[in-house]
There are 2 protein chains.
Amino acid sequence: MSEDVPEDVPEVASEATPEPTSDEPKPRRRQARGERRIAQLLQAAANVFCSNGYTAASTNAIAREAHVSPGTLYQYFPNKEAIAIELGERLLHQMREAHGQAFTPENLALPLPELLDAVVDPMIEFNCANPAFLALMHGSDAPGRIAEEHDALHVSLLARVREVLAHFAPAMPAQERARVAEMTFATFKGGLDLVLAAPEGPERDAMIGELKTLLLRYLAPLTEGPLTEGPVTTTRSH
Amino acid sequence: MSEDVPEDVPEVASEATPEPTSDEPKPRRRQARGERRIAQLLQAAANVFCSNGYTAASTNAIAREAHVSPGTLYQYFPNKEAIAIELGERLLHQMREAHGQAFTPENLALPLPELLDAVVDPMIEFNCANPAFLALMHGSDAPGRIAEEHDALHVSLLARVREVLAHFAPAMPAQERARVAEMTFATFKGGLDLVLAAPEGPERDAMIGELKTLLLRYLAPLTEGPLTEGPVTTTRSH
DNA sequence: GACAAATGCGAGCGCTCGCTCGCATTCTTG
DNA sequence: CAAGAATGCGAGCGAGCGCTCGCATTTGTC
């Protein structure tokens, strides 16, 4: 019983360890072309998923979009689901970085309007730059793994919002705080859809401003004691 | 050239004229069983669409859900799209009735909090009772016809909201009014998702209340002159 | 009861999809 | 350069899909 072929389907090459360390002199032979192909395929997959959704996107279409044959696609990904998972993980990673910067402790010390800017702006920017993210996460036809990780992200984001609420309204009971956090996040998602639907330019900017006004008016009355910024400032009313 | 067979695919029987009037003594022979089958098939389709979405739902699955053979299904519907269209039209019709009652002139004369109750409650109730509606309309994989009609409904709902805004804030410029109307509606949709996700009972009711609070806090500052109800009443604060 | 229309069935057609396989090509290593 | 691994190709496979067809059954009308 000789060792069988190392791997017909080498899974997706993890982007780690690009430098050949001494203990791993031969991770893979032709890394450069392969990595390029993977990136190319993921970009193509992002485009196709974005315009057709996960299920409606055919692997042949992804291969065609990447100017590659179906066989080549399946050299780097064991199946269609793995494409979505790898793409989703990369996007989730970027997203975590973005919202990691958004919820820093120093931002938490800001007054509410500035905090809203600091949190909302990066989120919107990320979703504008990566429309495939929402297409993959929001679609109900995404593979189970993606849905799980999206749920995890959702839970951690809710926790962050609850933290902020705890800071601005410490006397609020936990149950209500959880409810307000969910409502705040749902409102942001709804507004995000609107922002993405608006054409880039002044209209989109106005919509972003409107979303911030909405969130501010909702959250400002919750702040206690001497208001951090004053009640419901008519930031940019008519 | 003799008259060919009346219709291999009789399209879906319109629900009108169940009583045989004198000028139409023979519209169709066996109406009762057929109508029952159609309703049964549409109910089954609603279930399957609801849990799988349009594209992922197979006609065989719909037939199975209705305890009927595929052939029977295709006796009443020319194709899969027609099932979704008929179902969508019936749901849209009910929806139009519901929001027609919601936006009556007398409701428009109510102060803002009561108006919110009058508009939000029927909408939520309808979507709770007909989860297939959102599944069909919100999914990006719906057939083109459905998307068109949903767009039409969306436009008319936005117009209603703009009317309300014009009533409460007549001095607001049209462009901003349109933006606020879109934001209000998007917020409602986001909150609706949350309400539907919550388990029926007190949690859902609390979520509905929270959504109303959110909308009230957003819209109340827009009212001009002597406030109709007072500013941002802490309706059910902690 | 006789007849026809309406209704019901389910095997199976044609098609597309995800995916495979054998083989050609390119690159790295010794 | 020779050897072999990594990469690239595309016709074609099984499976599931939407949908059809021929035929059996039920039901209303005479």
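Proteins come first, then strands; the chains are lettered A, B, ... in the order of their sequence lines, and each starts at number 1.
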Relative to each other, are the rings of F126(A) and F133(A) parallel, tilted or perpendicular (30° and 60° limits)?
perpendicular
Write down the distance between [atom1] ([X]) and [atom2] ([N]), rounded to a whole number of angstrom.
X: Y74(A); N: dC13(D); atom1: OH; atom2: C1'; result: 13 Å
X: F77(A); N: dG8(D); atom1: CZ; atom2: C1'; result: 15 Å
X: R37(B); N: dA6(C); atom1: CZ; atom2: C1'; result: 12 Å
X: R36(A); N: dT7(D); atom1: CZ; atom2: P; result: 11 Å
X: I38(A); N: dA6(D); atom1: CD1; atom2: C1'; result: 12 Å
X: E35(B); N: dT7(C); atom1: CD; atom2: C1'; result: 14 Å
X: Q75(B); N: dG10(C); atom1: CD; atom2: C1'; result: 14 Å
X: N79(A); N: dG14(D); atom1: CG; atom2: P; result: 20 Å

N/O (side chain, Y76(B)) to phosphate O (OP1/OP2, dG8(C)) under 4.0 Å
yes
Looking only at side-chain N and O atoms, does T72(B) come under 4.0 Å of OP1 or OP2 in dT7(C)?
no
Check: F185(A) ring centroid to H154(A) ring centroid under 6.0 Å:
yes
I'd like to know if D121(B) pairs up with K212(B) as an ion pair, taking the criterion as any Lys NZ or Arg NE/NH1/NH2 lying under 4.0 Å from an Asp or Glu carboxylate oxygen.
yes
State whether E89(B) and R145(B) are salt-bridged, where the test is any N-O pair (Lys NZ or Arg NE/NH1/NH2 against Asp/Glu carboxylate O) under 4.0 Å.
yes
Y76(B) and E35(B): side chain donor to acceptor below 3.5 Å:
no
What are the residues of residues 47-54 of chain A, sorted by number, that bring a heavy atom to within less than 4.0 Å of DNA chain D?
none
Counting N and O atoms only, with roles assigned by atom type, does the side chain of Q40(B) sit under 3.5 Å from a partner on the main chain of A66(B), one being a donor and the other an acceptor?
yes
Check whether any side-chain N or O of T72(B) sits under 3.5 Å from a backbone N or O of V68(B) as a donor-acceptor pair, and report yes or no.
no
Note: L42(A) and I83(A) closest approach over all heavy atoms is CD2-O, 3.9 Å
Looking at Q94(B), I'd like to know if its CD atom is crowded, meaning that more than 12 non-hydrogen atoms belonging to other residues, nucleotides or ligands lie closer than 6.0 Å.
yes
Using a cutoff of under 3.5 Å, can you pull out all pairs of nitrogen or oxygen atoms linking the protein to nucleotides 15-17 of chain C, with atom names and distances?
none

Pull out every protein N or O sitting under 3.5 Å from an N or O of nucleotides 22-25 of chain D, one pair per line with the distance.
none

Between L219(B) and V164(B), does the side-chain contact (heavy atoms from CB on, under 4.5 Å) criterion hold? Intermediate values first, please.
CA-CA 11 Å; L219(B) 297 176; V164(B) 174; over 6 Å; no
Tell me whether K80(B) forms a cation-pi arrangement with Y54(B), defined as NZ or CZ under 6.0 Å from the six-membered ring centre and within 45 degrees of its axis.
yes
